[in-house]
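The analysis underlying the following values was restricted to heavy atoms, covering all of them including side chains, and did not include hydrogens, waters or symmetry mates. One is the number of the first residue; the rest follow in order along the sequence.
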Amino acid sequence: MPNGAPGGGSSASGGGITPLGWAKRALLLCAVSVVSGLLWVVIKPSAPPAPSDDSTTDPGKPRTAYDFAPGLSDEPANCAEHSTGKISDFFADHPCEHLTRALYTTQLENGEKVLTSVVTVRMPDAESAEQLERMATRNATGNIEDLVTAGRDLPEKYPSLSHDYGYDSKQRQRLVVIGESSYFGRSDSDDGRLKNVTTEALKLGAYQDKNPD
């Protein structure tokens, strides 16, 4: 009997790929493509954040617990002429270097609107600034007129700043900041909220004065 593989020509047809085999290969290639795409989404570098528009922000303005909207302001040349009582006399002997007066409005969490005055006085030295701040906190010593008390042209229904419920002041080196707040549309009361608003507004002092020290 001659030597040879059993079954004759069956070995010649065994190397072919059936249509089902091609279909399986196609499905495998599709699966590899999908997995590769998912991996690229996961590991690809993240795009840099879009640049923010900071043109409307002021990096020098301090953060406060309330959003104070600026209103009327001025910069009188003479402190004594815009003060009363013993404080006016003090300025006659110790002239200030710079005076700013400004009004701000803000809103409380319950919707009530508040008017706040911030007056800044820059003195020649820290000693005279300390003397001024002590005098401003005492009774019957006079005051530096805020823009409401000074009778400036203001919109109707602006409250007066004649009570001490919302009064606060502070001294930092040569700068003295004096504040007062009142409610719009109702009488002031000693409920602590006006004082809190003023204390926050005093943080605007150096920014308002445009002097860091």
Side-chain angles (χ1 to χ4, degrees), residues 51-107 113-137 141-155 158-161 164 166-182 184 194-213:
S52 59
D53 182 9
D54 292 335
S55 59
T56 59
T57 61
D58 189 339
K61 188 175 182 179
R63 292 187 177 185
T64 56
Y66 301 93
D67 183 15
F68 292 100
L72 186 67
S73 65
D74 71 356
E75 299 181 51
N78 189 297
C79 286
E81 292 180 358
H82 297 276
S83 303
T84 60
K86 296 180 180 179
I87 290 182
S88 180
D89 296 337
F90 174 83
F91 282 131
D93 297 329
H94 307 84
C96 70
E97 290 189 353
H98 189 227
L99 171 65
T100 65
R101 302 184 295 179
L103 295 176
Y104 300 87
T105 56
T106 191
Q107 199 167 19
K113 190 176 180 182
V114 174
L115 175 68
T116 301
S117 165
V118 177
V119 174
T120 67
V121 185
R122 194 193 318 149
M123 298 299 294
D125 50 59
E127 182 180 358
S128 58
E130 184 179 357
Q131 292 175 348
L132 173 62
E133 201 273 334
R134 285 202 307 264
M135 187 177 298
T137 59
T141 57
N143 208 339
I144 303 167
E145 290 185 333
D146 59 76
L147 291 175
V148 178
T149 305
R152 294 294 299 269
D153 186 17
L154 297 170
Y158 259 50
S160 65
L161 295 166
D164 290 336
Y167 178 89
D168 198 6
S169 65
K170 71 174 183 179
Q171 176 252 333
R172 182 175 181 270
Q173 298 184 23
R174 298 190 299 140
L175 190 67
V176 177
V177 188
I178 300 171
E180 178 72 40
S181 296
S182 288
F184 279 89
L194 290 176
K195 174 71 175 294
N196 187 47
V197 170
T198 304
T199 300
E200 286 295 308
L202 295 184
K203 296 177 182 178
L204 301 172
Y207 172 81
Q208 177 176 300
D209 183 70
K210 301 300 182 185
N211 187 64
D213 65 354

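- Side-chain contact between F68 and K61: absent, with no pair of heavy atoms (C-beta onward) separated by less than 4.5 Å.
- The CD atom of E133 sits 12.5 Å away from the OG atom of S128 when rounded to the nearest 0.5 Å.
- For the pair T120 and V176, the minimum side-chain heavy-atom distance is 4.5 Å or more.
- In the displayed structure, D67 atom CG is contacted under 6.0 Å by at most 12 heavy atoms of other residues, nucleotides or ligands.
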*asked:* Set out, in order, the CA-CA distance, both residues' side-chain angles and the distance that settles side chain to side chain contact (heavy atoms under 4.5 Å, CB included) for T105 and V114, then state yes or no.
replied: CA-CA 6 Å; T105 56; V114 174; over 6 Å; no
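- Paired with Y104 under the rule side-chain contact (heavy atoms from CB on, under 4.5 Å), one option of L115, T64, V197, V118 passes, and it is V118.
- In terms of modelled atom types and a separation under 3.5 Å, the side chain of T137 and the main chain of R134 share a donor-acceptor contact.
- Closest heavy-atom contact between M123 and P95: CE-O, 4.2 Å.
- Here the straight-line distance linking atom CG of L161 with atom OG1 of T116 works out to 8.0 Å at 0.5 Å rounding.
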*Apply side-chain hydrogen bond (donor to acceptor under 3.5 Å, both in side chains) to T199 and N196, showing your working.*
CA-CA 5 Å; T199 300; N196 187 47; 5.5 Å; no
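- Under the side-chain contact (heavy atoms from CB on, under 4.5 Å) rule, C79 has a single partner from L99, I144, L132, which is L99.
- When side chains are defined from C-beta on, K203 does not count as touching R63, because their heavy atoms never get closer than 4.5 Å.
- By the side chain to side chain contact (heavy atoms under 4.5 Å, CB included) test, S88 is found to be paired with A80, S83, residues two or more places apart in sequence or in another chain being considered.
- For Y158 and F184, the gap between ring centers is short of 6.0 Å.
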*asked:* One pair to check against side-chain hydrogen bond (donor to acceptor under 3.5 Å, both in side chains): T100 and E75. What are the steps and the verdict?
replied: CA-CA 5 Å; T100 65; E75 299 181 51; over 6 Å; no
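- Rounding to the nearest 0.5 Å places CD of Q208 at 9.0 Å from CG of L175.
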*asked:* Determine whether V148 and L154 satisfy the following criterion, side chain to side chain contact (heavy atoms under 4.5 Å, CB included), listing intermediate values before the conclusion.
replied: CA-CA 8 Å; V148 178; L154 297 170; 3.6 Å; yes
*Intermediate values then yes/no, side chain to side chain contact (heavy atoms under 4.5 Å, CB included), R174 and E97*: CA-CA 10 Å; R174 298 190 299 140; E97 290 189 353; 2.7 Å; yes
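- The aromatic rings of H94 and F90 sit parallel to each other, their planes meeting at less than 30°, with 60° as the upper class boundary.
- Judged purely by atom type and a 3.5 angstrom limit, S117 has no side-chain atom pairing as donor or acceptor with the backbone of L103.
- For S160, the side chain to side chain contact (heavy atoms under 4.5 Å, CB included) partners at least two apart in sequence or on another chain are S162.
- Of the inter-residue distances, the one linking Q107 atom CD with Y66 atom OH reads 12.0 Å to the nearest 0.5 angstrom.
- Smallest separation of non-hydrogen atoms from V119 and D146: CG2-CA, 4.5 Å.
- Note: Y167 OH to T198 OG1 = 10.0 Å, rounded to the nearest 0.5 Å.
- Residues D74 and R152 form a side-chain contact, since some pair of their non-hydrogen atoms from C-beta on lies under 4.5 Å apart.
- In this structure, CG on L194 lies 6.0 Å from OG on S181, to the nearest 0.5 angstrom.
- When side chains are defined from C-beta on, H98 counts as touching D209, because their heavy atoms get closer than 4.5 Å.
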*Check the pair E145 / T84 against side chain to side chain contact (heavy atoms under 4.5 Å, CB included), numbers first and verdict last.*
CA-CA 8 Å; E145 290 185 333; T84 60; 4.1 Å; yes
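- Listed by first and then second residue, the salt bridge (charged side-chain N to carboxylate O under 4.0 Å, His left out) pairs involving residues 76-89 amount to none (not counting sequence neighbours).
- Put simply, the side chain of P62 reaches to within 4.5 Å of the side chain of L204, judged on heavy atoms.
- Across all their heavy atoms, E200 and A65 have their closest contact at OE1-N, 2.8 Å.
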